[in-house]
Amino acid sequence: MEPLDLTTHKNGRQRKLAGSSLLPGHMRERDMGEATSSEPEEETEGLIRGSDSEDRGRCRVRPGIHGELGNVSLLLFLYVMQGIPLGLAGSIPLILQSKNVSYKDQAFFSFVFWPFSLKLFWAPLVDALYFSRFGRRKSWLVPTQYLLGLFMLYLSLTVNALLQNERGPDIVTLTAVFFMLAFLAATQDIAVDGWALTMLSRENVGYASTCNSVGQTAGYFLGNVLFLALESADFCNKYLRTVPKDSGIVTLPDFLFFWGMAFLVSTTLVAIFKRENEHGHGRRRVPEEIQGVTETYKLLFSIVKMPTVFTFCALLLTAKIGFSAADAVTGLKLVEAGVPKEQLALLAVPMVPLQILLPVFISKYTAGPRPLDVFYKAFPFRLLIGLEYALLVWWTPSVKQDGGFPVYYYAIVLLSYALHQVALYSMYVACMAFHAKVSDPLIGGTYMTLLNTVTNLGGNWPSTVALWMVDPLTSKECQGASGQSCGSPAEAGLCTKEGGVCVTTMDGYFVESLVCVVIGLVWWLWLGNKMRRLQEQSPAAWRCRGNQ
């Protein structure tokens with residue numbers, strides 16, 4: 001009999017990691033490795049999977065997919081469920097912004113989006129530790145999904161109190177709970193990615209990435225765009241009701257309760273009825289890679305120590321500083337200016353076809369020996385879009401009317417968003433193509449995952465810093481009450497008590513936008529060519545010494 005104890009098995013298979021995502025609600029890059037993308041960007045990884053030419057040849061023809069529709073459907077469902085908490089987490093900053101929280105609070109909450117960019121650090125443990133009788137992937141999938149459901153049920157009971165506290169939203173508790181949701185979703189993603197490779201036959205394993213992309217995008221849409229629309233009283237009264245009401249069709253507690261129960265019920269069904277180690281009927285299963293946890297961490301360290309990889313990682317970690325103000329703050333500033341958050345979220349809907357077609361079109365230009373040339377050429381274009389975003393925010397208050405914003409305003413926002421996506425995807429696809437080009441084929445999975453993780457982290461930390469710096473860079477003065485100032489919340493309260501009002505004389509967002517663009521131009525002129533020259537390095541410069 002197989003032991004029931006928790007055992008350590010050797011396996012260090014690495015996979016794509018996610019972040020940010022262009023979060024549809026507030027124009028941040030998604031962690032796109034998850035959904036077309038995750039999280040955007042946000043920006044993304046996992047579109048290119050390392051495999052030998054023999055496997056790729058087999059994946060072009062996938063006979064017998066009808067015999068595995070059940071497995072494909074299950075994978076799709078699991079990825080949809082994974083996207084739900086991510087979408088909810090993406091909606092919270094917009095809800096917080098409508099409650100006038102500080103940008104430092106927004107910066108603190110932005111740590112919620114980090115787990116998908118850091119899961120490389122615990123992925124080897126998820127691969128190696130499991131109950132052999134229960135199943136290698138189910139040992140992690142089942143408990144993480146149960147915890148996701150329980151956290152959602154807990155939030156359904158407490159989220160109103162956390163958001164509507166007399167002293168303002170409880171940012172620390174909200175961040176802690178949603179960070180755990182994102183951490184559990186990232187861990188679930190590791191387990192599902194690994195299970196996908198053995199759940200499907202070798203001929204059909206290519207459908208796993210399709211399930212990932214479609215499923216997580218759909219889940220994110222449900223948890224973000226659909227929720228914000230149905231939660232909005234204005235949207236529901238305008239489009240879905242004949243008799244106006246003061247609230248939306250659903251509330252945040254109701255939405256959390258429904259999906260919490262959905263997690264618990266579906267996880268129970270998977271645990272009981274789905275056997276992990278089923279044998280295919282005449283179809284060859286994909287063997288899982290074998291490597292110890294310690295060996296995997298040593299391998300990652302040896303890759304990072306290589307001069308070319310170290311230089312490339314340093315460039316990836318600094319390349320997105322110039323875009324951070326535009327990507328992280330613009331959407332929140334639009335909400336602050338009065339743009340309905342549900343309308344901003346709905347702008348993501350017409351972008352879906354563009355997000356699907358752009359990688360296909362751009363890949364024609366990145367398939368050659370110099371994919372980073374596209375990255376370099378798109379860089380200044382994206383910087384200019386950052387300036388255009390700042391102009392859009394400055395222009396927004398003057399366009400506002402009693403009934404909201406005119407149609408032409410949303411058309412301009414949508415056009416700006418589309419141009420941003422073109423630049424973002426040009427850089428993303430070029431970066432992914434270069435990752436695939438330089439990754440040592442003998443350790444391609446680990447190598448690609450490392451580079452993708454660094455790419456996503458390079459987008460997350462500047463976004464957090466950008467949010468954090470908005471308030472310190474903002475200047476306000478107290479008008480109507482002599483001797484008072486507005487340098488802090490306490491001082492602003494005294495100004496109001498004395499009959500004055502705090503007026504913004506310099507918005508930190510505009511200062512930050514200009515500074516970021518200047519930093520981005522310096523990076524492009526000074527380090528951009530250095531990144532391009534990495535394409536001239538020989539293949540041996542990118543290989544671990546043991547594999548040369």
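For reference, positions follow the sequence shown, starting with 1.
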- [ ] State, without any angle test, whether Glu336 and Tyr103 hold a side-chain donor-acceptor pair at a distance under 3.5 Å.
- [x] yes
Flag the pair Lys341 and Asp234 as a salt bridge only when some basic side-chain nitrogen lies within less than 4.0 angstrom of an acidic carboxylate oxygen. no
Contacts of Ser102 meeting side-chain hydrogen bond (donor to acceptor under 3.5 Å, both in side chains) (sequence neighbours excluded), chain-then-number -> Asp105
Could you tell me whether Lys99 atom NZ has more than 12 heavy atoms of other residues or ligands within 6.0 Å of it? yes
* Asked: Do the rings of Phe227 and Phe255 sit parallel, tilted or perpendicular, given the 30° and 60° boundaries?
  -> tilted
### Query
Does OH belonging to Tyr410 count more than 12 external heavy atoms closer than 6.0 Å?
yes
Query - NZ/NE/NH1/NH2 to OD/OE distance under 4.0 Å, Asp327 and Lys320 - result: no
The side-chain hydrogen bond (donor to acceptor under 3.5 Å, both in side chains) partners of Asn237 (sequence neighbours excluded) come to Arg241
Does the separation of the ring centres of Tyr447 and His435 fall below 6.0 angstrom? no
- Any chance you could lay out the side chain to side chain donor-acceptor pair (under 3.5 Å) test for Tyr509 and Thr330, step after step, and finish with the verdict? CA-CA 8 Å; Tyr509 167 70; Thr330 300; 2.8 Å; yes
| Parallel, tilted or perpendicular: which describes the rings of Phe434 and Phe312, with under 30° parallel and over 60° perpendicular? | perpendicular
With distance as the sole test, does Ser324 use its side chain to make a donor-acceptor pair with the main-chain N or O of Ser463 at under 3.5 Å? no
**Prompt:** Does any non-hydrogen side-chain atom of Thr396 lie less than 4.5 Å from one of Val339?
**Reply:** yes
### Task
Decide yes or no on side-chain contact (heavy atoms from CB on, under 4.5 Å) for Tyr220 and Ile84, but give the supporting numbers first.
CA-CA 5 Å; Tyr220 194 96; Ile84 298 294; over 6 Å; no
Sequence neighbours excluded, the answer for ring pair (Phe, Tyr, Trp, His ring centres under 6.0 Å) partners of Tyr239 is Phe235
With a 3.5 Å distance limit and no angle check, can you tell me whether Thr267 reaches the backbone of Leu264 through a side-chain donor-acceptor pair? no
